[in-house]
Protein chains: 2
Amino acid sequence: MQPKRNTWQREAVRASLAQARGFVSAQQLHQALRDGGSTIGLATVYRTLASLVETDEADTLQSPEGESLYRSCATKGHHHHLICRGCGDTVELSANLVEEWSQRVGAEHGFTEIDHVVDLFGLCARCRAKGDGAAA
Amino acid sequence: MQPKRNTWQREAVRASLAQARGFVSAQQLHQALRDGGSTIGLATVYRTLASLVETDEADTLQSPEGESLYRSCATKGHHHHLICRGCGDTVELSANLVEEWSQRVGAEHGFTEIDHVVDLFGLCARCRAKGDGAAA
DNA sequence: TTTCTAAATGAGAACGAGTCTCACTCTAGC
DNA sequence: GCTAGAGTGAGACTCGTTCTCATTTAGAAA
Ligand SMILES: [Mn+2]
Ligand SMILES: [Mn+2]
Ligand SMILES: [Zn+2]
Ligand SMILES: [Zn+2]
């Protein structure tokens with residue numbers, strides 16, 4: 001359920017999420033806010049993120065490790081992401097090709113109400129230069 | 001690290017996983033084995049599944065709820081899945097279209113070591129008939 | 001076959017992300 | 001201003017997963 005009242009906590013989450021370059025976890029966001037002097041509670045961060053997702057003000061996805069990550073995306077409609085494993089930096093992608101493929105393949109096998117998870121992970125140019133993320 | 005010894009526990013996990021139609025969780029697998037009279041431990045099920053994934057004897061993916069699911073797939077190489085939300089039944093998919101798109105899009109944005117998560121979820125014909133999964 | 005050793009196991013403790021509870025706070029409508 | 005009740009937050013709780021470590025056992029060596 002989305003909230004009916006405007007609180008500084010809600011605004012703080014929105015702001016902190018907006019200034020993050022890429023996807024962040026609820027815990028990271030909470031820590032960042034606390035580090036910035038806020039007294040916001042973890043439960044509130046979770047609640048607010050959930051409500052932002054509900055109203056499409058934020059996107060969410062599961063990290064490969066199974067943690068929920070959140071992002072305030074510029075693109076409004078349905079889209080996908082290319083995410084840097086090193087720094088979390090994210091590129092928004094539209095993928096009509098994949099949308100159509102998904103629907104077609106689902107229908108071919110008699111499936112309905114088809115949903116899809118499509119995320120790309122890689123190493124951005126900057127992180128490659130820095131040697132992050134991949135070097136053993 | 002993959003084990004060097006053959007234990008009945010390892011074989012039991014392999015067998016139980018093989019006879020499962022679709023993706024199953026470690027806990028489900030453990031319960032099924034216990035129900036079948038086995039005394040196998042939960043930690044062993046987790047360890048064995050991890051090692052089967054390491055040797056490509058099993059595929060793994062994160063459920064939308066963030067739980068790790070496992071499957072013993074018929075297809076050997078890289079492929080994707082169309083999974084029924086109702087019964088877990090799974091269709092293996094090859095998707096050259098998506099493989100190429102993924103590489104191309106990644107390269108276009110200067111990313112390297114591109115990996116991708118591509119899973120389709122839907123309702124299979126049988127479950128739709130039964131009214132599973134979607135009806136409120 | 002018997003012996004030996006370290007790999008493997010499993011019960012239970014520990015961990016961590018996320019949810020829930022409920023007394024307290026503060027927004028916003030009057 | 002008052003006030004109802006939406007929103008908050010500390011901390012308890014859930015649950016998937018990993019860790020610990022005493023015990024078992026696969027399998028190589030004798
Ligand atoms: Mn899509
Ligand atoms: Mn692929
Ligand atoms: Zn990067
Ligand atoms: Zn089904």
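In what follows, chains carry the letters A, B, and so on, assigned in the order in which the sequence lines appear, proteins first and then strands, with residues in each chain numbered from 1. Computed from a predicted model, the values in this text were never measured in an experiment.
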Review point. For dT17(D), does OP1 or OP2 lie under 4.0 Å from any side-chain N or O of Tyr46(B)?
Key: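 Answer yes for this pair, as a side-chain N or O of Tyr46(B) is under 4.0 Å from OP1 or OP2.
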
Beyond-backbone contact of [X] with [Y], side-chain heavy atoms, under 4.5 angstrom:
{"X": "His79(A)", "Y": "Leu93(A)", "result": "no"}
{"X": "Leu52(A)", "Y": "Val13(A)", "result": "yes"}
{"X": "Ser25(A)", "Y": "His30(A)", "result": "no"}
{"X": "Ser72(A)", "Y": "Arg14(A)", "result": "no"}
{"X": "Leu61(A)", "Y": "His81(A)", "result": "yes"}

Can a side-chain donor-acceptor contact be found between [Y] and [X] if the only test is distance below 3.5 angstrom?
{"X": "Thr39(B)", "Y": "Arg34(B)", "value": "no"}
{"X": "Thr48(B)", "Y": "Gln9(B)", "value": "no"}
{"X": "His116(B)", "Y": "His78(B)", "value": "yes"}

Whole Å only: how far is the [atom1] atom of [X] from the [atom2] atom of [N]?
{"X": "Leu42(A)", "N": "dT8(D)", "atom1": "CG", "atom2": "P", "result": "13 Å"}
{"X": "Leu49(B)", "N": "dG10(C)", "atom1": "CG", "atom2": "P", "result": "13 Å"}
{"X": "Arg10(B)", "N": "dG10(C)", "atom1": "CZ", "atom2": "P", "result": "13 Å"}

Practice item. Give the B/S/- string for nucleotides 22-30 of chain C, one per nucleotide from 5' to 3', where a protein heavy atom under 4.0 Å of the base yields B, of only the sugar-phosphate yields S, and otherwise -. Key: ----BBS--

Review point. Counting side-chain heavy atoms from CB outward, which of dT19(C), dA8(C), dC19(D) is closest to Ala43(B)?
Key: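 Of the candidates, dC19(D) comes closest.
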
Check your understanding: What pairs with Gln27(A) under side chain to side chain donor-acceptor pair (under 3.5 Å), at least two apart in sequence or on another chain?
Key ->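 If we apply the side chain to side chain donor-acceptor pair (under 3.5 Å) test to Gln27(A), skipping adjacent residues, the hits are Tyr46(A).
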
Review point. Which atom pair, heavy atoms only, marks the closest approach of Val117(B) to Phe121(A)?
Key: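 Result for this residue pair: CG2-CE1, 3.9 Å.
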
Exercise for review: For Ser16(A) and Leu33(A), work out which heavy atoms get closest and say how close.
Suggested key: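 Minimum heavy-atom separation between Ser16(A) and Leu33(A): CB-CD2, 3.8 Å.
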
Exercise for review: Find the runs of at least 3 consecutive base pairs, i with j, i+1 with j-1 and so on, that include DNA chain D, using Watson-Crick or G-U wobble geometry with both distances under 3.5 Å.
Suggested key: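 Expected stems, ordered by start: C:1-30 with D:1-30.
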
Point to revise | Pairs meeting criterion salt bridge (Lys or Arg N to Asp or Glu O under 4.0 Å) with involvement of residues 92-106 of chain B, two or more places apart | key: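 Qualifying pairs, neighbours excluded: Arg71(B)-Glu92(B), Arg104(B)-Glu108(B).
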
**Study point:** Of residues 57-71 of chain A, the positions that come close to DNA chain C - non-hydrogen atoms, cut-off under 4.0 Å
**Key:**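 Glu67(A), Ser68(A), in order of number.
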
Point to revise | Strand contacts (DNA chain C) in residues 18-41 of chain A, 4.0 angstrom heavy-atom criterion | key: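 Within this stretch, Gln27(A) sit under 4.0 Å of the strand.
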
Review point. Salt-bridged, Arg126(A) to Asp89(A), with N to O below 4.0 Å?
Key: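 Salt bridge present between Arg126(A) and Asp89(A).
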
